[in-house]
Amino acid sequence: MSEKILAVNAGSSSLKLKLFTMPEEVELFQGAADRITGSGEGEFSYKKAGGERVKLSLNMPDHEVAIGKLLEVLVESGAVTDVEEIKGVGHRVVQGGEFFKDSALSTPENLEVIESLNSLAPLHNPANVMGVRAFSKVLPNATQVLVFDTVFHQTMPEVNYLYPIERKFYDEYKIRRYGAHGTSHKYVSEAAAKVLGKDLSDTSVVVAHLGNGASITEVVAGKSMNTSMGFTPTGGLIMGTRTGDIDPTVITYLQKIKGLDADGMSDLVTKQSGMLAATGFSNDMRDVEEAVADGKHPHHAQAVVAFDMFIKRIADFITLYAADVVAGGRNVDAISFTAGIGENSSTVRKLVVDRLAILGAKLDEVANNTRGTVDITAENSKVKILVIPTEEELMIARDTVRLRG
Ligand code: AMP
């Protein structure tokens with residue numbers, strides 16, 4: 001039977017949602033509230049399927065006000081006639097630790113477990129739980145479901161998730177690689193198998209999720225085997241404002257010479273580094289590409305080096321994970337690009353694939369300039385190269401239906 005399901009992504013000062021008819025997977029409505037704070041005007045926007053995006057400035061002192069307004073426009077736009085039609089709400093939760101091996105129903109006990117993991121995702125988990133509580137209040141008859149970014153990576157073998165530090169740090173404090181973007185990597189690897197016309201159990205894909213946050217995952221037979229993000233989403237690739245992997249003594253050295261405490265250092269590696277720091281001016285890849293292309297741009301020289309660093313790190317991880325697939329006795333069936341940069345930047349895709357000569361990867365320049373789900377492989381390439389727009393909200397809606405039973 002058809003039912004209406006909401007997928008929600010609540011941040012500390014933002015909230016995004018999409019409404020679907022399931023199981024048909026038809027998107028009916030999307031809405032977003034940004035800058036939800038005690039003071040000033042926030043940004044509010046929504047769009048009914050097939051319609052234009054409507055943008056408003058709105059005072060949203062807290063999440064409950066933002067949610068109330070989103071539900072109001074949901075009814076006004078005709079996506080539902082009554083909010084009681086919404087039978088399930090799926091919530092993105094960033095960190096489920098080792099406790100959650102699958103999505104789960106929201107219960108007081110499960111919310112407590114998530115809160116106990118706050119120190120592993122201090123920016124995200126509290127906001128995610130706040131979102132669950134707010135929706136439970138306004139839609140008490142809908143099933144609330146928790147969908148974790150970390151669950152997909154729980155299949156990683158020990159050899160890939162342990163760090164070379166004393167075992168007690170894992171046993172006592174659960175310090176290990178968790179990864180993130182799991183919902184996206186799962187969606188894209190499953191979609192890649194479909195595009196290839198292969199059984200998931202017989203498919204190996206390296207997924208490059210390249211957005212402001214970015215990660216690469218090795219997916220074999222539908223299971224995450226390794227992923228570039230680590231204990232937190234700061235590890236791995238060079239990102240908008242995050243360092244990615246870095247010699248840990250750079251941090252202790254900087255702490256000493258700058259007199260920074262742990263919070264100050266954490267701020268530096270998560271919010272003030274990455275492309276923003278390396279280019280000296282922007283974490284937005286469109287700005288960076290513009291500065292690289294324009295020899296007269298004041299940040300041209302720095303942007304060129306930073307952009308090369310960014311591309312090389314991506315190609316390095318893809319090569320590493322492809323080698324791991326082969327060492328495991330399988331072939332790499334596809335390399336799949338997704339997320340803001342992966343879906344939209346033909347330049348990034350081209351430069352990355354150019355560095356994958358060892359895999360015999362070659363890209364079709366014409367196909368590379370088309371949009372949507374597209375096979376951009378050149379005829380003489382030894383491995384398929386795909387672009388697959390990610391659909392994290394749809395995955396959340398699918399799990400919500402599954403858990404509603
Ligand atoms: P996401 O975090 O997935 O929303 O992706 C955000 C990133 O995608 C930002 O760095 C944007 O600059 C980048 N992006 C979006 N569109 C383009 C484009 N046409 N070319 C290059 N980068 C883009």
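Just follow the structure's listing: the first ligand is 1, and inside any ligand the first atom is 1. Predicted, not measured: the structure shown is a model, and the values here were computed from it.
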Does Lys18 count as lying over the ring of Phe20, i.e. NZ or CZ under 6.0 Å from the six-ring centre, within 45 degrees of the axis?
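No, Lys18 and Phe20 do not form such a contact.
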
Does Arg176 qualify as a cation-pi partner of Tyr161, given the criterion of NZ or CZ under 6.0 Å from the six-membered ring centre and within 45 degrees of its axis?
yes

Option among Asn368, Leu386, Val353, Val207 that satisfies the side chain to side chain contact (heavy atoms under 4.5 Å, CB included) test with Phe337:
Val353

Side-chain (Arg330) to main-chain (Val220) donor-acceptor, under 3.5 angstrom:
no

Is a side-chain N or O of Asn110 found less than 3.5 angstrom from the main chain of Leu105, in a donor-acceptor match?
yes

Mind jotting down which protein residues get a heavy-atom contact under 4.0 Å with ligand 1? Chain and number order, please.
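Near ligand 1, by chain and number: Gly211, Asn212, Asn283, Asp284, Met285, Arg286, Glu289, Ala339, Gly340, Ile341, Asn344, Ser345.
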
Do any pairs count as a ring-ring contact (aromatic ring centres under 6.0 Å, His included) and have a residue in residues 122-146, sequence neighbours left out, and if so which ones?
His91-Phe135

